[in-house]
Amino acid sequence: MKFFKKSNKGVIIKPANWRQLAYSLFLFLVAVFFSFISEFGLFVSWFGTIAFVFFGLLNLLDLIFVWSRLLVNTDGYNLRGWFMRKEYKHEEIESFTVQKYGNRSLPVVNLKKKAAGIHTLDKKSVAFPCTFGNPIEDVIDLLNKNLNKAPRKRK
């Protein structure tokens, strides 16, 4: 299964369709549960139903329009999620490695010392929060393969 697509913008690592659809289905099932429950009161029932239908629709729209993604292009790496955005240029990155966080393997960006200072980070390594449900080995291979270490003019 292909978890990335090449476009004129660059390489886009996107969420796994099965994972995103399963999460949307779960949210809709919880919404159905709230629509039939009456022990908590009418207000809680309606609020739960509307909230989980809304979150399920947002998740489906995220799947269709690919709001959450990791874009690799000539400028660098742009990670966009629902509540955060991280951007690193090729010349700021030393390498990519894998580390375990909470029994999950996550890709880690190892920044150069000067870049860590620019981004006001205490340490040189920054973990990307997820692989979007894709195999970590494939994501790391793709990230390292697209890392361009060629010298560039300073802007």
Side-chain angles (χ1 to χ4, degrees), residues 1-90 92-93 95-111 115-116 119-147:
M1 182 180 282
K2 205 171 193 182
F3 63 91
F4 68 93
K5 66 179 185 178
K6 288 189 179 211
S7 70
N8 55 357
K9 295 179 184 178
V11 177
I12 299 173
I13 299 174
K14 59 184 184 161
N17 292 340
W18 65 268
R19 183 179 176 197
Q20 203 88 351
L21 286 171
Y23 186 58
S24 292
L25 179 64
F26 169 75
L27 290 172
F28 286 126
L29 287 175
V30 172
V32 169
F33 168 77
F34 271 103
S35 68
F36 286 108
I37 195 157
S38 61
E39 283 190 33
F40 300 122
L42 188 61
F43 174 75
V44 172
S45 174
W46 274 102
F47 180 78
T49 302
I50 292 169
F52 283 102
V53 164
F54 177 72
F55 292 135
L57 285 174
L58 278 179
N59 197 51
L60 279 176
L61 290 173
D62 184 19
L63 177 67
I64 294 167
F65 296 111
V66 192
W67 291 329
S68 302
R69 53 97 180 115
L70 175 60
L71 172 67
V72 182
N73 59 15
T74 56
D75 296 333
Y77 293 78
N78 184 319
L79 177 68
R80 185 174 66 189
W82 281 40
F83 302 108
M84 61 94 187
R85 228 173 233 245
K86 292 183 181 182
E87 220 171 294
Y88 301 105
K89 296 181 176 150
H90 289 282
E92 297 174 336
I93 298 172
S95 65
F96 289 96
T97 56
V98 177
Q99 280 187 355
K100 288 259 187 198
Y101 287 96
N103 208 18
R104 286 182 54 202
S105 296
L106 294 177
V108 174
V109 181
N110 297 313
L111 298 173
H119 292 285
T120 62
L121 299 169
D122 295 338
K123 50 188 175 184
K124 291 183 358 179
S125 60
V126 179
F128 281 168
C130 108
T131 59
F132 299 106
N134 302 303
I136 185 71
E137 298 83 16
D138 296 341
V139 172
I140 286 292
D141 288 344
L142 186 70
L143 292 175
N144 280 320
K145 188 173 77 174
N146 286 294
L147 182 58

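The two residues Trp82 and Ser68 come nearest to each other via the heavy atoms CD1-OG, 2.9 Å. Lys14 approaches Val66 most closely through the heavy-atom pair CB-CG1, 3.9 Å. What you find for Gln20 and Pro15 is that their closest heavy atoms are OE1-CB, 3.5 Å.
Expressed to the nearest 0.5 Å, how far CG of Leu29 lies from CG of Leu25 amounts to 4.5 Å. Atom CG in Asn146 sits 11.5 Å away from atom OG1 in Thr74 (nearest 0.5 Å). Atom CD1 of Ile50 and atom OG of Ser35 lie 11.0 Å apart (nearest 0.5 Å). Distance CG/Asp62 to CG/Leu57: 12.5 Å, rounded to 0.5 Å. The structure places CD of Glu87 at 9.0 Å from CD of Glu92, a figure rounded to the nearest 0.5 Å. Atom CG of residue Asn144 and atom OG of residue Ser95 lie 7.0 Å apart, to the nearest 0.5 angstrom.
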* Tyr88/Asp75 under side chain to side chain contact (heavy atoms under 4.5 Å, CB included): CA gap, chis, key distance, verdict -> CA-CA 8 Å; Tyr88 301 105; Asp75 296 333; over 6 Å; no
* Quick one: do Arg80 and Leu71 satisfy side chain to side chain contact (heavy atoms under 4.5 Å, CB included)? Show the steps, please. => CA-CA 8 Å; Arg80 185 174 66 189; Leu71 172 67; over 6 Å; no
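Looking only at atom types and distance, the side chain of Asn78 has no donor-acceptor partner in the side chain of Arg85 under 3.5 Å away. At a cut-off of 3.5 Å, with distance as the only test, a side-chain donor of Thr97 or Asn110 sits close to an acceptor on the other residue.
Contact of the Leu143 side chain with the Tyr77 side chain is registered, since non-hydrogen atoms from C-beta on lie closer than 4.5 Å. The shortest distance between side-chain heavy atoms of Thr49 and Phe33 does not fall below 4.5 Å. Two residues are said to be in side-chain contact when any heavy atoms from C-beta on lie closer than 4.5 Å; Ile136 and Pro107 meet this criterion. In this structure, Leu42 and Phe47 have side chains that are not in contact, with every pair of non-hydrogen atoms separated by 4.5 Å or more. Between Val11 and Asn73 the shortest side-chain heavy-atom distance does not fall below 4.5 Å. Proximity of Val53 to Phe34: side-chain heavy atoms (C-beta onward) are nowhere separated by under 4.5 Å. Contact check for Leu61 versus Trp67: side-chain heavy atoms found under the 4.5 Å cut-off. The side-chain heavy atoms of Arg69 and Ile13, taken from C-beta on, include no pair separated by under 4.5 Å.
Ring pair Phe52/Phe55 is perpendicular by interplanar angle, where above 60° counts as perpendicular and below 30° as parallel.
In the displayed structure, Tyr23 atom OH is contacted under 6.0 Å by at most 12 heavy atoms of other residues, nucleotides or ligands.
A side chain to side chain contact (heavy atoms under 4.5 Å, CB included) with Val98 is found for one member of Leu106, Ile140, Val139 and no other, namely Ile140.
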